[in-house]
Protein chains: 2
Amino acid sequence: MDSLGDTIRKLRENKELPLRTVAAFLDIDQAILSKIERGQRKPSREQVVKLAEYFKVKENDLLVAWLSDKLVYEVEDEDMALKALQVAEERVKYITKNKGKK
Amino acid sequence: MDSLGDTIRKLRENKELPLRTVAAFLDIDQAILSKIERGQRKPSREQVVKLAEYFKVKENDLLVAWLSDKLVYEVEDEDMALKALQVAEERVKYITKNKGKK
DNA sequence: TTGTATTTTGACATAATTTGTCAAATTTAT
DNA sequence: ATAAATTTGACAAATTATGTCAAAATACAA
């Protein structure tokens with residue numbers, strides 16, 4: 001269960017590309033991509049979409065990793081992290097079930 | 001499964017207190033408390049702790065509601081919200097299991 | 001080693017978001 | 001009708017996010 005950063009780094013290293021190249025495609029400085037890969041910065045949604053396109057992987061897979069990264073980040077130093085995630089899950093189920101209604 | 005705002009409002013209305021009073025205790029303008037209760041603003045962790053103290057309810061209960069509110073907010077307009085929450089849950093389990101290790 | 005490409009780090013600037021105040025408008029209850 | 005409570009939105013200040021840049025560190029060849 002890799003974090004998004006790990007995933008991106010593996011994708012890039014498999015193609016033996018330097019940070020410079022991928023960063024140029026994203027139109028950001030390579031320093032930022034370096035930090036993203038090591039989890040020190042959070043990429044934007046748009047950047048994740050671009051990366052999926054660039055590496056030809058399923059956009060949704062990368063977006064799930066990106067979103068869950070953010071979720072983990074949000075709760076990680078709280079004791080009731082798990083509980084909160086479970087409650088959130090219930091609420092999301094409820095919300096999507098009632099989508100479209102009044 | 002109420003949101004944090006709903007919970008706070010109910011607690012306040014049960015005691016028949018005006019926004020003014022509770023807001024003064026939190027040391028913020030009543031306008032903000034009004035927005036917090038209706039979910040238009042997110043309270044800080046410290047404010048939630050103070051509210052638990054003020055209304056004499058379990059701090060953790062309120063904090064779980066607060067955290068899950070933030071989680072729902074983060075994913076709510078994404079298609080893969082549920083998936084992301086589930087992945088985050090796995091990751092949090094993994095992290096807490098290995099807490100203390102190298 | 002020495003040199004060269006890559007990556008990492010941190011200081012800094014700027015942009016975006018948060019967090020709050022305030023006063024006016026609206027609603028609720030007398 | 002009026003008085004209290006609540007809501008709204010414009011605004012300001014503070015905080016956080018996002019990026020650039022150059023120097024330092026690391027990896028890799030020769």
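Basis for what follows: all heavy atoms, side chains included, without hydrogens, waters or symmetry-related copies. Letters A, B, ... mirror the listed sequences (proteins, then strands); counts begin at 1. Because the structure is predicted, anything quoted here is derived from the model rather than measured.
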Does the side chain of Q47(B) get closer than 4.0 angstrom to OP1 or OP2 of dG20(C) through an N or O atom?
yes

Mind calculating the distance between CG (L33(B)) and P (dA5(D)) to the nearest angstrom?
14 Å

If only side-chain N and O atoms of R9(A) are considered, is one of them under 4.0 Å from the OP1 or OP2 phosphate oxygen of dT8(C)?
yes

Taking E76(B) first and then R91(A), would you say they form a salt bridge - that is, a charged N and a carboxylate O separated by under 4.0 Å?
no

Under 4.0 Å from OP1 or OP2 of dT7(C): is there any side-chain N or O of S34(A) that close?
no

Does Q30(A) make a side-chain N or O approach to OP1 or OP2 of dC21(D) shorter than 4.0 Å?
no

Protein-nucleotide distance (E74(B), atom CD; dA17(D), atom P), rounded to Å
11 Å

Rounded to whole Å, please give me the gap between CG in L26(B) and P in dT19(C).
14 Å

Reported NZ-to-CG distance for the pair K83(B) and D61(A), which is rounded to 0.5 angstrom:
9.0 Å

Of dT6(D), dT21(C), dA17(D), the nucleotide closest to the side chain of K42(A) is dA17(D)

Got a donor-acceptor pair under 3.5 Å from the side chain of K35(A) to the base of dG10(C)?
yes

Distance, rounded to the nearest Å, where I36(A) contributes CD1 and dG19(D) contributes P:
7 Å

Using side chain to side chain donor-acceptor pair (under 3.5 Å) as the criterion, point out the one residue from R38(B), Q30(B), E37(B) that pairs with S34(B).
R38(B)

Side chain to side chain contact (heavy atoms under 4.5 Å, CB included) for F55(B) and K15(B)? Distances and angles first, verdict last.
CA-CA 9 Å; F55(B) 290 117; K15(B) 299 204 168 180; 4.2 Å; yes

Side chain of A31(A) (C-beta onward), nearest among dA5(D), dG10(C), dC22(C)
dG10(C)

Under a 4.0 Å N-O cut-off, is there an ion pair linking D69(A) with K42(A)?
no

Touch check for E13(A), heavy atoms < 4.0 angstrom, all strands: base, sugar-phosphate only, or nothing?
nothing

For dT7(C), take OP1 and OP2 only and decide whether either is under 4.0 Å from a side-chain N or O of R38(A).
no

On the nucleotide dG10(C), are OP1 or OP2 found under 4.0 Å from the side-chain N or O atoms that R41(A) carries?
no

Measure the distance from CG on L19(A) to C1' on dT6(C) and round it to the nearest whole Å.
7 Å

To the nearest angstrom, the CD1-C1' distance between I32(B) and dA14(D) comes to 13 Å

CD of E16(A) versus P of dT6(C): gap in Å, rounded?
12 Å

In whole angstrom, give the distance that lies between atom CG of D29(B) and atom C1' of dA23(C).
10 Å

If you check the I28(B) side chain, which of dT20(D), dT21(C), dT9(C) turns out closest?
dT21(C)

